[in-house]
Amino acid sequence: MEKSKPPSITISRANWTSHVLLGISVCLLALACMNVIQKSSSLAGLWLPTALMIPVLFRHRYRDWLPLLCASALGIAAAHSVLGTPFLRYLPYLLNNLFEAAFCAALLRRLLPEQDPLTGLGYWVRFLMVAVIFCPLVSALIMILFILNIQSPVELQSRFATWFMSEAVAILALTPLGLVYQRGYFRKNLTSGRFFGLLLTLIITLAAGFLALKWLPYTFAFITIPLLWCAIRLPRIEAFIIFLSMTLMIALLHTSGIVSVQPHTVVQIPQGLIFLPLLLILTPANAMAMAMHALRAEKSHITQSENRFRNAMEYSAIGMALVSPQGRLLQVNKSLCNLLGYEAEYLTTLTFQEITYQEDLGKDLAMLEQLLNDEIQTYTMEKRYLCRNGEVIWALLAVSLVRDEEHNPLYFISQIEDINELKHTEMTNKRLSEALHEEKELMHITLNSINEAVISTDRNMNITFMNPVAEKMTGWTEEQAQGQPVNRIVLISKGQDGPLIDNLLHFDINENLHSSVERSLVLHGHHTGLFDVQLAVSPLRTLKDEPIGIVLVLQDVSRSRELMRRLSYSASHDLLTGLSNRGSFESSLKKALNLIATAHQSHCLAFIDLDHFKAINDTAGHAAGDELLRQISTLMQEHMRNSDRLARLGGDEFALILFDCPVEQGLNTLSKLVSEINQFEFIWEDKIYRIGASAGLTKMNDPTVSGSEYMAQADKACYTAKNNGRGRVFRYEPQQKTASVHTDDSIFPPEKP
């Protein structure tokens with residue numbers, strides 16, 4: 001008989017297999033990227049080997065890193081050897097790649113969880129800052145040190161930008177896929193139909209990207225749309241596959257000369273930053289994919305809560321069963337088996353029709369039909385069952401129907417309580433009371449174990465029960481709340497500052513189902529703060545359909561709604577200054593045009609450009625420039641009306657809409673604003689810097705003129721102000737299509753820092 005091989009040998013061979021596969025993969029990727037280098041006579045637009053090494057190192061122990069790095073180094077060296085590159089020429093770059101991959105993987109291991117590194121949007125932001133920005137910057141600086149003495153300053157700047165961009169884009173495109181991919185994912189999750197859908201989505205997305213690159217202006221703005229569509233529609237792994245495919249297609253098309261990623265503008269992007277727009281469109285697409293993954297995970301968590309509740313029901317003291325719409329018993333608990341005398345395995349081969357007494361079957365089926373037709377929500381009836389020993393027993397049956405998201409019936413939940421002896425003797429009443437008491441205690445235990453707040457009331461709407469979660473959220477103990485009106489203990493409003501719901505009994509869940517985040521339900525706890533909640537109200541009724549109270553179920557959804565608020569704020573605001581961004585400002589511009597047409601108002605549109613801002617950036621650094629932008633934004637907001645809308649368009653450019661404002665008033669307001677900026681002293685590291693501002697203003701009173709035309713007029717007036725000494729305000733003159741100066745003794749050119 002052949003002896004089994006030692007476990008250590010098997011593990012060693014598996015490790016060597018992974019090392020060889022890594023070396024081959026790195027070699028092929030490096031060979032492809034270096035072919036691009038030879039064609040473009042520059043650094044590669046995308047450098048994929050480093051992006052592949054990072055997730056591989058992340059998923060292995062530190063003691064396995066050395067052979068993995070050696071395999072990667074041999075792969076890159078083999079690629080250089082194929083192309084005939086001298087060893088000493090590529091050695092520094094090879095060492096830099098290995099250092100970057102190891103350094104980045106080490107940082108990610110400290111900042112991200114091991115099992116699911118990108119489990120939420122917060123972890124993805126950490127990945128973005130470390131892997132996409134910080135580590136490529138460090139690697140680019142090291143690369144510059146290698147060639148510092150042999151390249152001109154202009155060439156060094158271009159090489160730095162190209163190296164950083166190639167590493168950053170490749171990592172953003174490939175590394176997230178490597179971090180989240182789990183072995184066997186496609187075999188377990190991707191069915192044939194789903195694979196066909198993924199393939200079709202990939203083809204459509206790539207085709208849309210090609211058409212945008214080939215013929216559309218503002219290319220990357222159009223490419224963003226299908227990528228965001230994929231991020232919303234697909235699971236994150238499949239979305240990352242499409243992002244990677246789009247990145248590779250753009251790089252290959254640009255390298256081959258089929259298309260150019262240069263925007264259709266007069267200003268040309270430097271060669272080193274040619275893929276900067278690609279980095280900018282991949283970032284929101286990845287963020288949206290992670291946000292959608294977080295929402296799906298939250299939904300899965302709710303489903304798991306339902307499964308836990310179902311498991312708790314399995315151990316109920318009364319008989320319970322899950323029944324298919326056709327009547328087959330899908331799952332039964334021990335109490336039901338004991339009641340009918342069947343084994344669970346045999347009972348699940350039967351239908352409820354087979355164990356129902358024939359005289360009671362017609363009424364049961366009629367009630368069941370009403371339940372399927374959505375005419376009733378639940379029904380209760382007394383019926384007789386056939387036991388295995390031939391005995392006929394009485395039981396109290398309660399049936400409810402569970403439906404899926406498309407309102408199709410999934411299964412019935414049947415509660416079967418033995419009332420056989422209750423039909424014959426008074427003694428049975430006592431036993432039944434004891435059984436009901438035990439069931440109540442068991443139900444309390446069940447409710448205490450779930451993660452949602454559960455509160456019940458009597459017919460007078462006074463609280464009779466609260467589970468521990470409800471005590472924690474409301475700030476009242478069950479003892480304190482007993483007998484208190486539910487409207488005094490449970491304070492729920494529509495939005496934080498909205499009106500309170502005064503009648504919980506008539507609350508309609510559909511009314512608040514699609515409300516905005518600001519108008520969603522908020523629970524005001526007693527000294528416990530505010531909770532975003534979802535509310536379900538179920539009335540309690542007797543067998544005669546008389547109301548005896550309600551049951552409130554509150555689910556804390558504060559985290560998911562906070563995530564939605566953050567996404568909404570980030571989509572409409574500039575993250576540096578807190579002002580409106582370009583997209584939000586365009587919406588305000590449309591609103592202004594609508595007011596011109598409907599309310600016959602006239603507005604003023606201003607374009608403001610800071611003077612000498614680049615000098616402060618160059619002398620004091622980008623951190624000083626960022627702080628200056630924040631202070632200038634605060635200064636401008638202090639000298640505006642609440643109705644005006646100020647936005648940062650990008651860099652040191654701002655736009656301002658003065659709603660319902662005459663031209664002269666607008667010119668005076670803008671002149672004072674420019675004067676304040678001209679007189680502003682910026683202190684950074686004990687040094688005083690002076691800047692200024694040039695501004696152009698145009699009058700908005702014609703609804704037939706587009707917003708872009710008004711922006712062009714204000715921009716032209718601002719351009720004239722800059723070319724006529726700066727620190728001034730010019731007004732656009734529509735007759736001459738020129739700009740005229742608006743003089744003000746308070747406006748003076750700023751001193752240079």
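- Summarising the geometry, atom CG belonging to Asp374 is positioned 8.0 Å from atom CG belonging to Leu401; distances are rounded to the nearest 0.5 Å.
- Side-chain atoms of Asn286 come within 3.5 Å of backbone atoms of Leu282 as a donor-acceptor pair (strictly under, hydrogens ignored).
- Under a 3.5 Å cut-off, the side chain of His407 and the backbone N or O of Arg403 do not form any donor-acceptor pair.
- Between atom CD1 of residue Ile232 and atom CG of residue Leu227 there is a gap of 11.5 Å, rounded to the nearest 0.5 Å.
- Here the CD atom belonging to Glu238 is positioned 5.0 Å from the CG atom belonging to Leu198, to the nearest 0.5 angstrom.
- In this structure, Asn373 contributes its side chain and Glu375 its backbone to no donor-acceptor pair below 3.5 Å.
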Checklist entry - Given Leu295 and Glu298, is the side-chain contact (heavy atoms from CB on, under 4.5 Å) satisfied, shown in steps? => result CA-CA 5 Å; Leu295 292 177; Glu298 183 69 20; 5.5 Å; no
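- Note on ring orientation: taking the six-membered ring where Trp is involved, the planes of Tyr90 and His80 are parallel (angle under 30°, cut-offs 30° and 60°).
- The backbone N or O of Arg296 sits nowhere less than 3.5 Å from a side-chain atom of Ser300 that would complete a donor-acceptor pair.
- Side chain of Arg645 to main chain of Ser588: no donor-acceptor pair is present (N/O by atom type, distance under 3.5 Å, no hydrogens or angles).
- Between the side chain of Arg109 and the main chain of Glu114, no donor-acceptor pair closer than 3.5 Å is present.
- The shortest heavy-atom contact between Phe585 and Met711 is CE2-SD, 3.8 Å.
- Of all heavy-atom pairs spanning Pro67 and His19, the tightest one is CB-CE1, 3.6 Å.
- No donor-acceptor distance shorter than 3.5 angstrom exists from the side chain of Thr175 to the backbone of Leu172, with no hydrogens or angles considered.
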Item to check | Residues Leu177, Ile237; criterion side-chain contact (heavy atoms from CB on, under 4.5 Å); working and verdict | outcome: CA-CA 6 Å; Leu177 179 60; Ile237 291 182; 3.9 Å; yes
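- Distance alone, capped at 3.5 Å, places no donor-acceptor pair between the Arg582 side chain and the Arg648 backbone.
- Judged by distance alone, the side chain of Ser324 and the main-chain N or O of Arg328 form a donor-acceptor pair under 3.5 Å.
- Distance check: Ile54 CD1 to Ile171 CD1 gives 4.0 Å after rounding to the nearest 0.5 Å.
- Although no hydrogens or angles enter the test, the distance criterion places a donor-acceptor pair under 3.5 Å between the side chain of Asn96 and the main chain of Ser139.
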Next on the checklist: Between Gln182 and Asp116, does the side chain to side chain donor-acceptor pair (under 3.5 Å) criterion hold? Intermediate values first, please.
Outcome noted: CA-CA 9 Å; Gln182 298 292 335; Asp116 190 356; 5.7 Å; no
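- Atom CZ of Arg236 sits about 6.5 Å away from atom CG of Leu118, to the nearest 0.5 Å.
- The minimum heavy-atom distance linking Pro55 with Gly178 is given by the pair CB-C, 3.7 Å.
- Between atom CD1 of residue Ile241 and atom CG of residue Leu174 there is a gap of 11.0 Å, rounded to the nearest 0.5 Å.
- The shortest non-hydrogen separation linking Phe240 to Val180 is CD1-CG2, 3.8 Å.
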